[in-house]
There are 2 protein chains.
Amino acid sequence: MRILIVEDEAGIVSFLKQGLEEEGFVVESASDGQTGLQLALTEHYDLLLLDWMLPKLSGIELCRSFREQESHTPVIFLTAKDTVQDTITGLKSGANDYIKKPFHFEELLERIRVQLRSSETPHVLTLGPITVNTETHEVQIGITPVSLTHKEFQLLEYLLRHKGKVCKRHHILDSVWGMDGNADSGVIDVYINALRKKLNLQREEDYIQTIRGVGYIAREK
Amino acid sequence: MRILIVEDEAGIVSFLKQGLEEEGFVVESASDGQTGLQLALTEHYDLLLLDWMLPKLSGIELCRSFREQESHTPVIFLTAKDTVQDTITGLKSGANDYIKKPFHFEELLERIRVQLRSSETPHVLTLGPITVNTETHEVQIGITPVSLTHKEFQLLEYLLRHKGKVCKRHHILDSVWGMDGNADSGVIDVYINALRKKLNLQREEDYIQTIRGVGYIAREK
DNA sequence: TTTTGTTCATGCGTATTCTGATTGTTGAAG
DNA sequence: CTTCAACAATCAGAATACGCATGAACAAAA
């Protein structure tokens, strides 16, 4: 999960960054509104943490501009202000929640979790140039669409959901084929083969690698 | 929009009720947790406002029980407690937000609006030249009206509400036919067929595409 | 009753999935 | 370095499952 912090006080940024990274988030930050907006629009984040008062572009303006493009990504305000009118303005600009400084880190964390709860399982998986959208069931290699059968799709999804980890044949059979402890008939090989062909992966720099005697692994680069 | 307030202090209830009704909400209330839960489960509400401390059944317990049945309807806590741990417990029990007493009515209103924003359901759905009005139950293709049976309408509505996302047969059966985990008898196929016929969708630029082994998807263009 | 709506059953064509045989590769033992 | 066995890749055809179309059965409404 990727989080963007836009905040000008370096101390707060490093405090948040450390805490959130410990929780397993990937954190990036910007110290003024303008670069923050730019990042928010060009990169992909799962959540934005915005300070209220920012150099160049205020948090509210940032939020409003961002919402014109993106309506999904949750936004949480960090605010020192606490007049009612201000928070209302903030929520009206399209924010999903706000938290008043000073706050306990745990409380922030819980609020982040609440916001992310809906987007817990990513629908778009990637591997190098390959994109798998589990919502639309579309697979693309680069820009060109690839048509996969259901089993091929399921296998690819499984591999990508475990990207960077070895997928034992046993486990693949379990989750994709639903065979509990059944014998290995060699189906997997056939489908791996089909995938490599359809996605035309060269053997040289193979995104789907064979781990002899164990299974397969989807790896970047 | 219907709101249920569960709160034992009569003064707060009438204050909230009046304010919310002025804003156009339909408000009902319960003064203890047990009747609150019963109402929440039997009636339909778009949002629940729960007090923390309630006779018979605490707000948290109410929320947790409610969430076991319903996972969608947003829940906001009204709480006098303000230790971090308590609010965390509250959010963990499945609440979407909380507000500390005493609060300004406007702030509560804004938080309600934020929660309802996501569950706003449009009444007019479109797909290419097709228009579906769920209020008047009318369907048009371009300018000419099409007459659909109830089931056909429900199916089309379901597909359009999930436009751009795969609708698995399983889920369609669940929401349109109300069969939980029942076997697939092939009804869906018949109705998809009927829809395609009545909406005369050419196979070329098919707005309702079949995803073999998975289900169907309504797609623009 | 007649009409309309919903569901089930059937057959058909085709895409998909699996099996099994064959060929190719790998790594350890000699 | 060679050999061998275990494993993986590849291919083709058989078996199967899936979705489509249709008509009949049944139920509900007019």
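Sequence lines set the chain letters: A, B, ... in the order given, protein chains first and strands last, and positions in each chain run from 1.
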- request: Report which part of the nucleic acid B:Tyr216 touches: base, sugar-phosphate, or nothing (heavy-atom distance under 4.0 Å, all strands).
  value: sugar-phosphate
query: Could you give the CG-to-C1' distance, from A:Asp189 to C:dT25, as a whole number of Å?
result: 13 Å
- line: Tested for side-chain contact (heavy atoms from CB on, under 4.5 Å) against B:Leu20, the lone hit among B:Val26, B:Val27, B:Leu47 is B:Val27
Value in whole Å for how far the C1' atom of C:dG5 lies from CG of B:Asn193: 16 Å
query: Atom CZ of B:Phe153 and atom P of C:dT6: how far apart are they, to the nearest Å?
result: 13 Å
message: Does a side-chain N or O of B:Trp177 approach OP1 or OP2 of C:dT7 to a distance below 4.0 Å, or not?
response: yes
message: From the set C:dT17, C:dT7, D:dA8, return the single nucleotide nearest to any side-chain atom of A:Lys151.
response: C:dT17
field: Separation of atom CG in B:Leu155 from atom P in C:dT7, rounded to whole Å
entry: 11 Å
statement: By nearest-nucleotide position on DNA chain D, the 5'-leaning member of B:Gly213 and B:Val190 is B:Gly213
query: For B:His123, does its backbone N or O pair with a side-chain atom of B:Thr134 as donor and acceptor, under 3.5 Å?
result: yes
- prompt: What integer distance in Å separates A:His170:NE2 from D:dC7:C1'?
  reply: 19 Å
Below 4.0 Å: OP1/OP2 of D:dC7 and any side-chain N or O of A:Thr210: no
query: Quick one: is C:dT16 close enough that its OP1 or OP2 comes under 4.0 Å of any side-chain N or O from A:Tyr191?
result: no
query: From B:Leu155 CG over to B:Leu160 CG, what is the distance, rounded to the nearest 0.5 angstrom?
result: 9.5 Å
query: Under 4.0 Å: is that the gap between some side-chain N or O of A:Arg169 and OP1 or OP2 of D:dC7?
result: no
message: Evaluate A:Arg161 against A:Ser175 for side-chain hydrogen bond (donor to acceptor under 3.5 Å, both in side chains), listing each step before the verdict.
response: CA-CA 12 Å; A:Arg161 287 215 186 276; A:Ser175 350; over 6 Å; no
query: Hey, which of these two, B:Gly186 or A:Gly186, hits DNA chain D nearer its 5' end, going by closest nucleotide?
result: A:Gly186
query: On DNA chain C, nearest-nucleotide positions of B:Arg212 versus A:Arg212: which is more 5'?
result: B:Arg212
query: On a plain distance test, is the side chain of A:Arg196 in donor-acceptor contact with the base of D:dA9 below 3.5 Å?
result: no
task: Report yes if at least one side-chain N or O of B:Lys197 is closer than 4.0 Å to OP1 or OP2 of D:dC20; otherwise report no.
output: no
message: Let me confirm one number: the CD1-CG distance from B:Ile188 to B:Leu195, rounded to the nearest 0.5 Å.
response: 11.5 Å
Distance in angstrom units between A:Gln209 CD and D:dA9 P, rounded: 12 Å
Atom-to-atom span, CD of B:Glu152 to P of C:dT6 - whole angstrom: 7 Å
task: Give the rounded distance in Å between these two atoms: NE2 of A:His150 and C1' of D:dA17.
output: 12 Å
field: side-chain N/O A:Thr149 vs C:dA15 OP1/OP2, d < 4.0 Å
entry: no
